[in-house]
S.K.: 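One structure, as structure tokens, below. Some questions next.
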Amino acid sequence: MTDLAKLTLVESIKHIKEKKCSASELVGAYIKRIEKSDKLNCFNTKDLENAHSKAKKIDTNQKLDKTLVGAPIAVKDLFCTKGVKTTASSKILSNFIPTYESTVTEKLWNEDAILIGKLNSDEFAMGSSNETSNFGNVLNPYRLNNQNLVPGGSSGGCASAVAADLTSATIGTDTGGSIRQPAAFTGIVGLKPTYGRCSRWGIVAFASSLDQAGPMTKDVKDAALMLDVISGYDEKDSTSAKKPKSSFLNSIKSNVKGLKVGIPKEYRVDNMPKEVDDLWKEGIKILKDNGAIIKDISLPHTKYALPTYYIIAPAEASSNLARYDGVKYGFRAEGKDLTEMYENTRSKGFGTEVKRRIMIGTYVLSSGYYDAYYLKAQKVRNLIKIDFDNAYKNVDVILTPTTPTPAFKFGENVDDPIAMYLNDIFTVTANLAGLPAISLPIKYNKDGLPLALQLFGKSFDEQTLLNTAYFIEQQVNFKSQVKDWWMS
Amino acid sequence: MSINKDTIKKISKLARISVTNEETDRLEKDLNSILKFVEQLKKLNTDKITPIASVSDQLLTMSEDEVKKINEKKEILQNAPDKNTNYYIVPKVIE
């Protein structure tokens, strides 16, 4: 009998529509795995009973015509879910129960997907290893000589949950690489859509000009399907884009003949491991051998992207996180007067990395430093965007590695914020320029760890991105090697 | 530019986050290393470059002025750390 939890999202829905299995059976298959997987610590909140009853309801409905009918889906704990605790993996929101639903999750449930839980992440999505969560580390289903590894971050719970077959697909958020880097570390597909493609309404805000929700899935077709559902204009988000609704999944084509692929020389960074450089060359060869036109390009301001990001993101975060004051919701610490209550609440409610970023953000926005840091960063951001505008006059997509290394061990980078920030070196440019980008697993290194390549696309051209990724996926035939070692 | 302990205290006041002396030492080290990292930007001449706050080219749209029943008071107040029937309760502000 087919192991239902091993099916892709597209296959699962086909099974349900063709009545090869019921929604209850599918949900049951995932719940069975979830109940044996506490060791991975993917879930902040499980919603299994509700999932069961929603599945039963779907099974009594003869129509089964919705796009995601019966698909059990857990989402990052940054998406507000009405009546279900939403914490952003922070102490300060540890008891927050939203009275409304985020636009993107509402779109999932409107298509008869079933919420099974909320997934762990770095606190307020600030981190690259999931080690800043208030609710403990998430383990990567892949290990190095039986030693545990980080799943990446900030969407680390999402990445491990997809890789370990604890959710049929998920949505994460990506502010500097938070979908793509953990996807790369766990051998799954992660897509950051163009800024504005999906509504940000009801998502706990980190850096509003960079945040974007996107799918994390078992394969490329699943990513296309999820994007079909969650994308679209929303009057509740003033930066969401008015674009005609298209079907990415139905339009997917496996063909790269004549596709112009840019290879940016600035991404060949010092000390890049040979296995990552070789991986990149393999990716280039696959595309070239199949009729793509490879072009060397230059994105001259690439090395300034991380410093720019680490001004803009904390600046926006310090402003967005000002709302957590212990008055209207969330955690409160007492104080002798109002100001002391604010200061104690925020001191005890936020973790170290979040406080570090609020402090940096407050400093770069403060009087006397605004021009030197924040305004300067906004100008360099424009230069980075212009780099891409120029490159896209000659190419259709850009190919790079997703990360400079595969997944690393716990504690390796926690004492040095800059070392941790370097994880985002290849991903952060897409956020600054607002471009779509996808991370795709390619192969395993000699230690059995997944390695991934990243494709950048033109603004609102996710279709070419998905087509190219789909083609590469068929060529490399990457298969999960997760071995369920954590199950008792 | 570098940050000293006094600046840390000042920023913590602005950010409404109380810090212990131990935290101040750690923050002084971390914030200076982050500032040193971002100071690379100074090497770039950006005199003629327009700053951008967002990449979105979406213009603000008008919407109908209509009443929608969302975020009702009773539900919203359920999340408050301290409240009475209709209000949030905070420490006394005026003596």
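Protein chains get the first letters and strands the later ones, always in sequence-line order, with residue 1 at the start of each.
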S.K.: Restricting to non-hydrogen atoms, name the atom on B:Arg26 and the atom on A:Arg356 that form the minimum distance, rounded to 0.1 Å.
M.R.: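 Looking at all heavy atoms of both residues, the shortest contact is NH2-NH1, 3.4 Å.
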S.K.: Determine whether A:Tyr363 and B:Leu31 satisfy the following criterion, side chain to side chain contact (heavy atoms under 4.5 Å, CB included), listing intermediate values before the conclusion.
M.R.: CA-CA 10 Å; A:Tyr363 181 71; B:Leu31 264 52; 5.7 Å; no
S.K.: With side chains defined as the heavy atoms from C-beta onward, is the minimum distance between B:Lys92 and A:Asp337 less than 4.5 Å?
M.R.: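 SC-SC contact between B:Lys92 and A:Asp337 ruled out.
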S.K.: Given heavy-atom pairs under 4.5 angstrom as the criterion, report whether the side chain, backbone, both or neither of A:Lys242 touches chain B.
M.R.: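 For A:Lys242, backbone and side chain are both near chain B.
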S.K.: What distance separates A:Thr308 OG1 from B:Gln40 CD, expressed to the nearest 0.5 Å?
M.R.: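 If I round to the nearest 0.5 Å, the distance is 9.0 Å.
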S.K.: Does some side-chain heavy atom of B:Ser56 sit less than 4.5 Å from a side-chain heavy atom of A:Tyr195?
M.R.: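 Heavy-atom side-chain distance check passes, below 4.5 Å.
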S.K.: Mind listing the closest non-hydrogen atom pair of A:Ala377 and B:Leu41 along with its distance?
M.R.: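 So the two residues come closest at CA-CD1, 4.1 Å.
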S.K.: At what distance, to the nearest 0.5 angstrom, does OG1 of A:Thr352 lie from CG of B:Asp30?
M.R.: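 Separation between the atoms: 9.0 Å.
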S.K.: Between B:Thr61 and chain A, which part of the residue has a heavy atom less than 4.5 Å away: side chain, backbone, both or neither?
M.R.: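 For B:Thr61, the side chain is the part near chain A, not the backbone.
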S.K.: Between B:Val38, B:Ile17, B:Val55, B:Ile52, which residue shows the highest count of heavy-atom pairs closer than 4.5 Å to chain A?
M.R.: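 Top option by heavy-atom pairs under 4.5 Å: B:Ile52.
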S.K.: Using a cut-off of under 4.5 Å for heavy-atom pairs, which of B:Asp57, B:Leu14, B:Thr46 has the most such pairs with chain A?
M.R.: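 With the most close heavy-atom pairs to chain A, the winner is B:Thr46.
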S.K.: B:Arg16 side chain to A:Glu343 main-chain N or O, any donor-acceptor pair under 3.5 Å?
M.R.: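 Not confirmed, B:Arg16 side chain does not pair with A:Glu343 backbone.
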S.K.: Please look at B:Leu27 and chain A and tell me whether the side chain, the backbone, both or neither of the residue comes under 4.5 angstrom of a heavy atom of that chain.
M.R.: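 It is the side chain, since no backbone atom gets that close.
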S.K.: Which atom names give the shortest non-hydrogen contact between B:Ile8 and A:Met359, and what distance separates them?
M.R.: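 Closest pair (atom of B:Ile8, atom of A:Met359, distance): O-CE, 3.7 Å.
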S.K.: Can you tell which of A:Tyr342, A:Tyr329, A:Tyr304 has the highest number of heavy-atom pairs within less than 4.5 Å of chain B?
M.R.: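 When all of A:Tyr342, A:Tyr329, A:Tyr304 are compared, A:Tyr304 has the most.
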S.K.: Any chance CD of B:Glu72 has more than 12 other-residue heavy atoms, nucleotides or ligands included, within less than 6.0 Å?
M.R.: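 Above 12, so yes.
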S.K.: Need one label for B:Thr7: side chain, backbone, both or neither, based on atoms under 4.5 Å from any heavy atom in chain A.
M.R.: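 Answer is side chain: those atoms of B:Thr7 sit under 4.5 Å from chain A.
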S.K.: Looking at every non-hydrogen atom in both residues, tell me the closest pair between A:Ser209 and B:Ala53 and how far apart they are.
M.R.: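 Where A:Ser209 meets B:Ala53 most closely, the heavy atoms are CB-O, 3.4 Å.
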S.K.: Please classify the contact between B:Val90 and chain A as side chain, backbone, both or neither, with a heavy-atom cut-off of under 4.5 Å.
M.R.: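 Both backbone and side chain.
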S.K.: Distance-only, no hydrogens or angles: does the A:Asn382 side chain make a donor-acceptor pair with backbone N or O of B:Pro51 under 3.5 Å?
M.R.: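 Absent.
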S.K.: Which heavy-atom pair separates A:Ser347 from B:Ser18 by the least distance, and what is that distance?
M.R.: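 Shortest heavy-atom separation between A:Ser347 and B:Ser18 comes out as OG-O, 2.9 Å.
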S.K.: Using a strict 4.0 Å threshold on nitrogen-to-oxygen distance, state whether A:Glu235 and B:Lys68 make a salt bridge.
M.R.: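 Salt bridge flag = yes for B:Lys68 with A:Glu235.
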S.K.: Is the cationic atom of B:Lys42 (NZ for Lys, CZ for Arg) positioned less than 6.0 Å from the six-membered ring centroid of A:Tyr373 and within 45 degrees of its normal?
M.R.: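 That pair qualifies as a cation-pi contact.
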S.K.: Output the option from A:Gly196, A:Ser240, A:Pro98 having the highest count of non-hydrogen pairs under 4.5 Å with chain B.
M.R.: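 Highest number of pairs under 4.5 Å: A:Ser240.
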S.K.: Look at B:Ile34, B:Ile76, B:Leu60 and state which one has the largest set of heavy-atom pairs under 4.5 Å with chain A.
M.R.: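 Option with the greatest count: B:Ile34.
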S.K.: Using non-hydrogen atoms and a 4.5 Å limit, figure out which bit of A:Ser318 sits close to chain B: side chain, backbone, both or neither.
M.R.: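 Interface part for A:Ser318: neither.
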S.K.: Taking all non-hydrogen atoms of both residues into account, name the closest pair between A:Val327 and B:Tyr88 and its distance.
M.R.: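 Smallest interatomic distance, heavy atoms only, reads O-CD2, 3.6 Å.
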